[in-house]
Amino acid sequence: MSGDHQTLALVLFSAFVAVTLGITTWVSRDRRGSAEEFYAGGRLFSPMENGFAIAGDYMSAASFLGISGVIALFGYDGLLYSVGFLVAWLVVLFLVAELVRNCGRFTLADVIAARMGERPVRIAAGTSSVTVSVLYLVAQMVGAGSLVALLLGGTSGAARAWTVIGVGALMVVYVSLGGMRATTWIQIVKAVLLMAGAIALTVLVLVRFHGNVNALLNSAVAHSGHGREFLSPGLKYGGDWIARFDFISLGLALVLGTAGLPHILSRFYTVPTARAARRSVVWSIGLIGGFYLMTIVLGFGAAALVGSDAVRASNAAGNTAVPLLALDLGGGAGSTGGTVLFAVVAAVAFATILAVVAGITLASSASVAHDLYASLRRKQAEEVNQAKQRSEVAVARVAAAGIGAVAIGLSLLAQNLNVAFLVGLAFAVAASANLPVLLYSLFWRNFTTRGAVWSVYGGLIPAVLLVVLSPVVSGSPEAILPGVDFHVFPLQNPGVVSIPLGFLAGWIGTVTSSEPPDAAKHAETEVRSLTGAGAV
């Protein structure tokens, strides 16, 4: 890429960083040090504001860069990501949004601990939440590395490494100084920028083909290198029974995983009431639905105008399809329009990555402080006073730095994997470890503490272990460790195995437990979840 691309994109990106750091500094001046302020922004956001923030949290680098890239390379099979991410919101809306807001306070563990033994449940749920968050962070940082490698001419891995380190440092600053309030406003700004960028590119693609979608698809077929198979299922997931099971596994993970993502669930606590939480989800569905429809146009547009081979040559996983499409739509390499559009898209993608990693880091640091740290020092019937809240918030700030360091290290190992695929792994772990225990806690009268702990670990351990023993880590040229081969699990996504195991472990733990179910606590939780009576 030319120096003009680099200069303009870096100027725009620097402007976004300056604005968001200004927001963070402004918010931190009003910091009271309370847990409610740091974790939930004082519960002062309106449904529309929170809806934009949820959309900003959800529309990640995986969506903007990864999904369009998968569609550009594999056509029809890439649509699974767009459809799966969108359908998942129906699960969130109808099953968990309002109930989680009524039952919890700051984290997923609050919902489960409402009727269970607090300490073991918090440790299990906190461990699971941190694991999911780190996997999600890795995906975002891999996207950042791919984008900067393209921006700086695809030089050495040093550019990617320093980019990942820089993004990690910024997210720690956002979370440590501003907490939830700053993170929410950053998400809102980012959601507006991302929607504007996606709308502009979609309109330009459709204008190029005079609004004729059929012509767009035919051109994508012609430049895909796969012929008519590009528009048929099976190009990526139809080769053999392993690929087909991978397809089912990925679909399950995408549809069920959203309801177990810690950074999405924590957003429901930033509004004052459960009704506001549900309205937030309605706002976000409109934004997210429109966005994922546009990723389909962008993916096929990249295949039609840039060509699948050119996308693959730039980045084997397809993560640079959208910036290359923007360059072509603006007039091509060397043109003023191409330079400007490429730079704008690169800056929007940077903003996307920064905002999402801030939200995930906040959720994971909250789990470390509010669940893991607090459970080790909290007495059974003791209320948390102001001094303890400040201590907890201080631990959360330190935890943000630690989680950032771990995510940076893992991101440097996974630079060759598609970011949408990496997010699929995070969704699989969330659906295996968090969703079963959440649904059991909300809807099963006889659920016990042992069942809750077994459900979390019974989904978490198999999901992580199967990923380690899969072709994702070893045994393939695109693996994290391509030089070795110790994979024994044939599927790339573990969801089809680990999700049922999470539900099964929760059931076995409950029916074999000597602890009698607490009918009174269940009744209290049921009334509170359905009516909001007694909700914080």
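Along the sequence shown, residues are numbered consecutively beginning with 1.
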In terms of ring plane angle, is the pair Tyr292 and Tyr58 parallel, tilted or perpendicular, where the classes change at 30° and 60°?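 The rings of Tyr292 and Tyr58 stand perpendicular, inter-plane angle above 60°.
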
Parallel, tilted or perpendicular, as decided by the 30° and 60° cut-offs, for the rings of Trp241 and Phe245: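 The rings of Phe245 and Trp241 stand perpendicular, inter-plane angle above 60°.
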
Positive for side chain to side chain contact (heavy atoms under 4.5 Å, CB included) with Ile499, one of Pro436, Pro494, Ser432, Ser249: Ser432

Interatomic distance, [X] atom [atom1] to [Y] atom [atom2] [nearest 0.5 angstrom]:
X	Y	atom1	atom2	value
Phe427	Leu261	CZ	CG	4.5 Å
Leu501	Leu466	CG	CG	8.0 Å
Leu254	Ser82	CG	OG	10.0 Å
Ser470	Asn493	OG	CG	9.0 Å
Leu204	Leu341	CG	CG	6.5 Å
Ile67	Met294	CD1	CE	12.0 Å

Ignoring hydrogens and angles, tell me if any N or O in the side chain of [X] forms a donor-acceptor pair with the backbone of [Y] under 3.5 Å.
X	Y	answer
Asp246	Gln492	yes
Ser219	Ala215	no
Asn218	Asn214	yes
Ser308	Leu73	no

Leu252 and Val496 have their tightest heavy-atom pair at CD1-CA, 4.1 Å

Give the minimum heavy-atom separation between Val468 and Val473, together with the two atoms involved.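 Heavy-atom minimum between the residues: O-CB, 3.5 Å.
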
Please report the C-alpha distance between Arg279 and Val271 in whole Å, then the side-chain angles of each, then the deciding distance to 0.1 Å, and finally whether the side-chain contact (heavy atoms from CB on, under 4.5 Å) criterion is met. CA-CA 10 Å; Arg279 290 175 60 200; Val271 289; over 6 Å; no

